[in-house]
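What follows is a short report on a single structure.
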Amino acid sequence: MSKDYDASAIEVLTGLDPVRKRPGMYTNTLNPNHIAQEVVDNSVDEALAGFADFIKVILFLDGSMRVEDNGRGMPVDEHPEQKKSGVEVILTTLHAGGKFSDSNYQFSGGLHGVGVSVVNALSSNLRVQIKRGGELHSMDFINGAPLDALRVIDKVGQKNTGTMVHFYPDEKFFETAKFDIKGLKKFLRAKAVLCAGLKIELEIETSADMETEKVTWQYAGGLAEYLQMSLNDEVCVPQQVIVMNSQEDEGEVDLALCWLLEFGESITESYVNAIPTLQGGTHVNGLRTGLTEAVREFLDIHNLLPRGVKITGDDVCKNLTYVLSIKMKDPQFLGQTKERLSSREAAGRVSQTVKDNFSLWLNQHMDVSRKICEAIIDNARTRQQSSKKAVRKKIASGPALPGKLTDCISQDIEQTELFLVEGDSAGGSARQARDKSFQAVMPLRGKILNTWEVSHQQVLASEEIHDISVALGIDPNSYSVENLRYGKICILADADSDGLHIATLLCALFLRHFRVLVEKGHIYIAMPPLYRIDMGKETRYAIDAEERDHIINNYKGNAKVQITRFKGLGEMNPIQLRESTLHPDTRRLLQLTVDAESNSMDMMDQLLGKKRIVDRKAWLEKKGDLADVG
């Protein structure tokens, strides 16, 4: 390591360099499927906007792929600021695209503006051709850089428009450079279903003689037809899947669902603007809430619920199979791969649509509804019986529960959550905001002890850590979670730098002394907002300045925008804290995990170890200017 450190040591990544240096931050590097999806998504956005009805995908024997559509074609004129063609800007600039406002696309999936530029960055060669304005334009790229300028190579009819992208995934960026054909087919079929009338054709070159396998998808029946076909011979109730739909100016909700009577393989697919959300998100939370509320209301009205039985979302959704598709303006995702929706407003919109439609359906189909409800009640009974066997232990001997712990009613660790909250003031707000049936709250006094280099035997000398251990029901360095009292342990600290410090110290405590809880997925970090944005009757929350600016810049209304910066959790009233941070449908939780191949533990040691002062100083000198002070 060089002792010299001056301005010349600062590395500035420009253009597509960040993607090529850290591809995993921008796409899934297991195989090239995700970058293929980015190209297809651009064509699908043209179909969603009503400008395309045909997409052709060709997978060549040499490992390259070509995607073409009959949409409007990428812009070929010169960008007024960049002084480059629109095509070159789109393919070589991160965060550049036509989807940051709704003037070009009312609903689209490519909102991060990095999609097709990432494809270019991770391809050894890429060629784009555009039919537009009666001309065929072409441009080539090598390793993300333009090989030549955009040029006209032929004439076409004025009505003949579209875009073709032919790319060669660079094998050095992927674990395997081969496309997952099964996954690709599933993805393309789903796109055809989600865009009624869209025809998608896949050709796979199978030999050097240019023999090909051809598959075509085009559906008129939408989600219901797709789900019904996917079920094959599974026995489900009702036999004809339930279809729900809601259309408003701000978005659309489409849903098809049923329950499997036997333990087959449930289909649980969700999409936002035709983008698959493999990890679900707030729209799936809304589906779950809407179904649960409708079932509870139906059971109550018809007096069908046996005494002592309580229905939860897990009971309702067990063996549920569904395809959920929503369209919304400006969706917010966690991560560039867009696998989880985080837009809070989606939960309420989907929940209301599902509750209204499913309540009506239940009361119109009494015989089938009773059959569904009987299965749900059986699920609840089975769950309650199993939870009694593994009941969360009340402490009858040994230390009593800490007095500052406000416990929850439920003893089922599949449901229970403990929030470790920074400060008594925030603890008071959290107690009022929580759902006392399954959420417990325990306030902490400021910054806890740095336990990174403290032994397991000595760590309990700290009163705060002793109380945490007692509340959890397990001792430091335990290898068993048999006596664990809560299924989720959530760290809830302020969104400022002090709060992040406290959260880091708590993460260190669990990583070093309660490692089994991390390995088994019990530790989470709550993400409270730093800002509240009021826009007329609409209220949004932002976790940082970047999200705040994004929300404001994409607001199209005329109402005055008012911004409130929260100084801390204690400043939020219980309603705000509930809807932004505690409610399962609208909160953001990050699970604490450790990748065996990452340097996470070394980084924690560098940040917290007393013997790493020199390393820590060097790291701060090099990286300190990257800190976001909000």
Side-chain angles (χ1 to χ4, degrees), residues 308-315 380 383-446 448 460 462-476 478 480-493 502-503 506 509-510 513-514 516-518 520-526 528 569-570 572-575 577-579 581-585 587 589 592:
V309 176
K310 293 183 178 180
I311 302 298
T312 69
D314 286 343
D315 303 327
R383 173 184 52 79
Q384 288 177 303
Q385 289 171 0
S386 61
S387 66
K388 288 177 182 178
K389 295 176 184 177
V391 66
R392 174 165 61 85
K393 293 190 176 181
K394 299 281 187 180
I395 296 182
S397 60
L401 287 173
K404 56 189 175 181
L405 171 68
T406 303
D407 211 352
C408 55
I409 296 172
S410 175
Q411 297 185 38
D412 181 3
I413 69 166
E414 295 295 324
Q415 305 290 328
T416 53
E417 303 175 349
L418 171 63
F419 284 85
L420 300 174
V421 186
E422 172 192 351
D424 291 331
S425 176
S429 294
R431 287 190 187 99
Q432 296 179 64
R434 72 185 179 125
D435 184 331
K436 65 181 181 180
S437 64
F438 68 96
Q439 291 177 325
V441 173
M442 183 173 168
L444 304 175
R445 291 194 302 270
I448 69 164
L460 290 178
S462 165
E463 182 181 351
E464 288 285 312
I465 296 169
H466 174 270
D467 288 347
I468 291 173
S469 177
V470 172
L472 296 179
I474 65 174
D475 294 326
S478 173
S480 170
V481 294
E482 180 182 355
N483 294 326
L484 182 63
R485 306 182 70 249
Y486 305 96
K488 283 189 176 74
I489 297 98
C490 306
I491 299 169
L492 177 54
I502 292 170
L506 284 167
L509 171 67
F510 290 116
H513 300 285
F514 296 91
V516 66
L517 297 180
V518 179
K520 292 187 178 295
H522 292 289
I523 307 299
Y524 293 81
I525 297 94
L569 295 169
M572 302 174 70
N573 65 46
I575 294 176
L577 188 58
R578 180 188 302 122
E579 65 183 12
T581 314
L582 294 183
H583 197 289
D585 285 354
R587 70 190 179 189
L589 284 182
L592 180 62

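The analysis underlying the following values was restricted to heavy atoms, covering all of them including side chains, and did not include hydrogens, waters or symmetry mates.
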**Message:** Rounded to the nearest 0.5 Å, what separates atom CG in Leu460 from atom NE2 in His513?
**Reply:** 9.5 Å
**Request:** Any chance you could lay out the side-chain contact (heavy atoms from CB on, under 4.5 Å) test for Ile448 and Ser462, step after step, and finish with the verdict?
**Result:** CA-CA 8 Å; Ile448 69 164; Ser462 165; 5.8 Å; no
**Request:** List in chain and number order the residues that pass side chain to side chain contact (heavy atoms under 4.5 Å, CB included) with Asp424, two or more places apart in sequence or in another chain; answer none if no residue qualifies.
**Result:** Pro443
**Message:** I'd like to check Thr406 versus Met442 (side-chain heavy atoms, cut-off strictly below 4.5 Å). Are they in contact?
**Reply:** no
**Prompt:** Any donor-acceptor pair under 3.5 Å linking the side chain of Ser429 with the backbone of Leu577?
**Reply:** no
**Message:** Do Val421 and Leu444 make a side-chain contact, defined as non-hydrogen atoms from C-beta onward lying under 4.5 Å apart?
**Reply:** no
**Request:** Can you sort out the partners of Phe514 under ring-ring contact (aromatic ring centres under 6.0 Å, His included), two or more places apart, ordered by chain and number?
**Result:** Phe510
**Message:** Under the criterion salt bridge (Lys or Arg N to Asp or Glu O under 4.0 Å), I'd like the reasoning laid out for Arg383 against Glu414: C-alpha separation, chi angles, the key distance, then a yes or no.
**Reply:** CA-CA 10 Å; Arg383 173 184 52 79; Glu414 295 295 324; over 6 Å; no
**Request:** Could you tell me whether the side chain of Lys404 reaches within less than 4.5 Å of the side chain of Glu464, counting heavy atoms only?
**Result:** yes
**Asked** Heavy atoms, side chains only, cut-off 4.5 Å: are Ser437 and Cys408 in contact?
**Response** no
**Asked** So which heavy atom on Pro402 is nearest to which on Val470, and how close?
**Response** CD-CG1, 3.9 Å
**Request:** Taking ring-ring contact (aromatic ring centres under 6.0 Å, His included) as the test, write out the residues that go with Phe438, two or more places apart.
**Result:** none
**Message:** Using a 3.5 Å distance criterion without hydrogens, assess whether the side chain of Arg485 forms a donor-acceptor pair with backbone atoms of Gly473.
**Reply:** no
**Asked** Less than 4.5 Å apart, any side-chain heavy atom of Val441 and any of Leu420?
**Response** no
**Prompt:** Side chains of Thr416 and Lys488: does their closest heavy-atom pair fall under 4.5 Å?
**Reply:** no
**Asked** Any Lys/Arg nitrogen of Glu417 or Arg587 sitting under 4.0 Å from an Asp/Glu carboxylate oxygen of the other?
**Response** yes
**Asked** If we only count heavy atoms from C-beta on, is the Leu592 to Ile525 side-chain gap below 4.5 Å?
**Response** yes
**Asked** Would you say Ile489 and Ile468 make side-chain contact, with heavy atoms under 4.5 Å?
**Response** no
**Prompt:** If you measure only the distance, is there a donor-acceptor pair under 3.5 Å linking the side chains of Asp475 and Ser478?
**Reply:** no
**Complete:** Interatomic distance, CG@Leu569 vs CZ@Phe419, rounded to 0.5 Å, equals 11.0 Å
**Prompt:** Donor-acceptor pair, His522 side chain versus Gly487 backbone, under 3.5 Å?
**Reply:** yes
**Message:** Distance alone, cut at 3.5 Å: any donor-acceptor contact between the side chains of Gln415 and Asp314?
**Reply:** yes
**Complete:** Tightest non-hydrogen contact, residues Ala380 and Ile311, listed as CB-CD1, 3.9 Å
